[in-house]
Amino acid sequence: MQYMLIMRADDDAVATYREIPFEQVIEAMGKYNESMMEAGVLIAGEGLSDASEGFVFDFSADPPLVTDGPYGETKELFNGFWILEVSSKEEAAEWASRCPLGPGAKLEVRRVTGPEDFPADNEWVQKEEGWREEQAARKAADAPGGVAG
């Protein structure tokens, strides 16, 4: 099963991280990521740019209201994520507990839903399964030494 670890940080945590030498932050996160790669559980992981580069679509209105960042009303920002392939919720929690974050930062852990979570006879679920299979085949064909099908 897959779990997403969602990193959130309040303004104080962001300010604290800016005081730490960048190399130190990168080294700590690099070691954390490497340990997950070596264990074979890391599927994906990315950090996000500053909120000033983002924007939000609010679907409460029609047409949706678009707000450019930064977002003054936000207490915490979504700063990055990891997706892990693990055997249980407990294993996801174990990996989350090792993340090198400090005060003011939180790591939300949520299971990633998949086609198995929906009725198998749903046409959209079947289309998604087909799409995922196509993507996996394309990725395999594009990999060094890959074979197109």
Side-chain angles (χ1 to χ4, degrees), residues 1-120 122 124-140 142-143:
M1 62 186 68
Q2 293 184 351
Y3 279 84
M4 178 180 258
L5 311 182
I6 305 166
M7 184 185 350
R8 299 179 186 276
D10 63 20
D11 290 341
D12 292 337
V14 171
T16 298
Y17 267 97
R18 288 190 175 135
E19 293 174 8
I20 300 171
F22 185 69
E23 297 79 24
Q24 187 177 341
V25 172
I26 292 301
E27 182 177 348
M29 282 298 176
K31 286 180 180 178
Y32 179 62
N33 292 340
E34 187 175 356
S35 68
M36 291 188 292
M37 286 186 280
E38 288 174 355
V41 300
L42 184 62
I43 301 296
E46 300 294 339
L48 298 175
S49 65
D50 190 77
S52 64
E53 296 182 38
F55 49 95
V56 171
F57 276 75
D58 182 347
F59 290 90
S60 299
D62 187 20
L65 178 64
V66 180
T67 305
D68 289 329
Y71 320 106
E73 70 279 1
T74 303
K75 301 282 189 258
E76 295 178 336
L77 291 174
F78 174 20
N79 301 93
F81 70 91
W82 294 267
I83 296 179
L84 308 182
E85 180 75 44
V86 294
S87 61
S88 66
K89 178 180 180 180
E90 292 76 20
E91 185 179 359
E94 173 60 31
W95 282 108
S97 72
R98 299 179 193 179
C99 190
L101 298 176
K106 296 178 183 174
L107 200 58
E108 181 179 345
V109 180
R110 298 189 43 196
R111 189 175 63 80
V112 176
T113 60
E116 67 279 1
D117 294 304
F118 301 96
N122 182 291
W124 294 106
V125 170
Q126 293 169 1
K127 284 181 182 181
E128 181 183 349
E129 286 176 344
W131 176 84
R132 288 179 188 268
E133 290 169 4
E134 278 181 36
Q135 296 304 309
R138 282 190 190 143
K139 191 173 186 178
D142 290 342

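When reading the values below, keep in mind they use all heavy atoms of this one structure, side chains included, and skip hydrogens, waters and symmetry mates. In this text, all values refer to a predicted model and were calculated from it rather than measured experimentally.
Not a single side-chain hydrogen bond (donor to acceptor under 3.5 Å, both in side chains) links Arg138 to another residue, sequence neighbours left out. Evaluation of the salt bridge (charged side-chain N to carboxylate O under 4.0 Å, His left out) rule for Lys89 yields no partner, not counting sequence neighbours. Applying the side-chain hydrogen bond (donor to acceptor under 3.5 Å, both in side chains) rule to Glu134 yields no partners; only residues at least two apart in sequence or on another chain are considered. Checked against side-chain hydrogen bond (donor to acceptor under 3.5 Å, both in side chains), Asp117 has the following partners two or more places apart in sequence or in another chain: Arg111. Under the side-chain hydrogen bond (donor to acceptor under 3.5 Å, both in side chains) criterion, Ser87 pairs with Glu91, not counting sequence neighbours.
Scanning all heavy atoms of the two residues, the minimum distance from Leu101 to Met7 falls at CD2-SD, 3.7 Å. Summarising the geometry of Leu5 relative to Ala92, their closest heavy-atom pair is CD2-O, 4.3 Å, with the distance given to 0.1 Å. Ala39 and Trp95 make their closest contact through CB-CZ2, 3.5 Å (heavy atoms, listed as atom of the first residue, atom of the second, distance). Closest approach of Cys99 and Leu107 over heavy atoms only: CB-CD2, 3.7 Å. Nearest approach of Pro100 to Ala28, heavy atoms of both residues: CG-O, 3.8 Å. Heavy-atom minimum distance, Tyr3 versus Val109: CD2-CG1, 3.8 Å.
Rounding to the nearest 0.5 angstrom, the gap separating the NZ atom in Lys106 from the CD1 atom in Ile6 is 13.0 Å.
The aromatic rings of Phe78 and Phe81 are tilted relative to each other, their planes meeting at an angle between 30° and 60°.
Under the 4.5 Å side-chain criterion, counting only non-hydrogen atoms from C-beta, Leu42 is in contact with Trp82. Within the 4.5 Å cutoff, the side chain of Gln2 has heavy atoms near those of the Ile43 side chain. Side-chain contact between Leu48 and Asn79 is absent, with no heavy-atom pair separated by less than 4.5 Å.
Side-chain atoms of Glu85 come within 3.5 Å of backbone atoms of Met1 as a donor-acceptor pair (strictly under, hydrogens ignored). The main-chain N or O of Leu65 is never found under 3.5 Å from a side-chain atom of Asp58 such that the two would form a donor-acceptor pair.
Sorted by first then second residue, the salt bridge (charged side-chain N to carboxylate O under 4.0 Å, His left out) pairs that include residues 29-51, not counting sequence neighbours, are Arg18-Asp50, Glu27-Lys31.
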